[in-house]
Amino acid sequence: MSRNPEVLWAQRSDKVYLTVALPDAKDISVKCEPQGLFSFSALGAQGERFEFSLELYGKIMPEYRKNVGLRNIIFSIQKEEKSWWTRLLKSEEKPAPYIKVDWNKWCDEDEEVNSETASDDESAFVNEDSESSDDDGLLYLPDLEKARSK
């Protein structure tokens, strides 16, 4: 039996961000289809299976970028057309409880042009076939905090 990991989402006019909160994930499998279907599965730290499938609001490019960290996996998915979606999923029903807005990455449509967060730091992502270092994707970097306090 599989479980659903927590999924946080945010968007820009040209892409959608999905952050899957799954510490020490192994055997990550992702399927990203142009009509908007995004499927994910992985094994958790204790070997339990986590998976979900989302029918996204609009069409997407099948390529994606991912950053695998110790605590989460961040996906950057390119929209086929540059536009703001009114919601994440095609269905008008309330999303499943494991899907939440990522307020740390959120940017309103009218703020995108003026916001520095509108431009991605592409170095935070790696190609889908690559693995990143263990420090990538952390929400808190102790060494950075130490450097700031000096």
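- Atom CG of residue Leu18 and atom CG of residue Leu56 lie 6.5 Å apart, to the nearest 0.5 angstrom.
- The heavy-atom pair separating Cys107 from Trp84 by the smallest distance is O-CH2, 3.1 Å.
- If you check the side chains of Asn104 and Trp106, you find no donor sitting under 3.5 Å from an acceptor.
- Surrounding NZ of Lys59 are at most 12 heavy atoms belonging to other residues, nucleotides or ligands under 6.0 Å away.
- Clustering ILVMFWY residues whenever any of their side-chain heavy atoms sit less than 4.5 angstrom apart, transitively, puts Val68 in the very cluster that holds Leu22.
- Glu63 places no side-chain N or O within donor-acceptor distance of the main-chain N or O of Met61, the cut-off being under 3.5 Å.
- Residues Leu54 and Ile77 fall within the same hydrophobic cluster, defined by Ile, Leu, Val, Met, Phe, Trp and Tyr side chains chained together at heavy-atom separations under 4.5 Å.
- The hydrophobic clustering, which links ILVMFWY residues whose side-chain heavy atoms are closer than 4.5 Å, places Phe38 and Leu88 together.
- In terms of heavy-atom proximity, Pro95 sits nearest to Leu89 at CB-CD1, 4.1 Å.
- Judged purely by atom type and a 3.5 angstrom limit, Asn67 has no side-chain atom pairing as donor or acceptor with the backbone of Ile73.
- Under the 4.5 Å side-chain criterion, counting only non-hydrogen atoms from C-beta, Lys100 is not in contact with Val7.
- Residue Ser41 holds its OG atom at 9.5 Å from CZ of Phe52, rounded to the nearest 0.5 Å.
- Between Glu33 atom CD and Ser39 atom OG the span is 6.5 Å, to the nearest 0.5 Å.
- Annotation for Tyr64 and Val30: closest pair OH-CB, 3.5 Å, computed over non-hydrogen atoms.
- Aromatic ring centroids of Phe40 and Phe50 lie 6.0 Å or more apart.
- Interatomic distance, Glu6 CD to Asn72 CG, rounded to the nearest 0.5 Å: 10.0 Å.
- No single ILVMFWY cluster, assembled from side-chain heavy atoms under 4.5 Å apart, contains both Leu8 and Ile99.
- To the nearest 0.5 Å, the span separating CD on Gln35 from CD on Glu55 amounts to 8.0 Å.
- Minimum heavy-atom separation, Pro5 to Ala21: CB-O, 3.9 Å.
- Proximity of Ile60 to Glu80: side-chain heavy atoms (C-beta onward) are nowhere separated by under 4.5 Å.
- Scanning both residues, Asp102 and Ala10, for their nearest heavy atoms gives O-CB, 3.9 Å.
- Centroid-to-centroid, the aromatic rings of Trp9 and Trp85 stay 6.0 Å apart or farther.
- Formation of a donor-acceptor pair under 3.5 Å by the Glu48 side chain with backbone atoms of Leu43 is not found in this model.
- Rounding to the nearest 0.5 Å gives a distance of 8.0 Å between CZ of Arg49 and OG of Ser29.
- Side-chain atoms of Lys79 come within 3.5 Å of backbone N or O of Arg12 as a donor-acceptor pair.
- The two residues Glu92 and Arg87 make their nearest non-hydrogen contact at CG-NH2, 3.2 Å.
- When only modelled atom types and interatomic distance are considered, Gln11 and Lys105 share no side-chain donor-acceptor pair under 3.5 Å.
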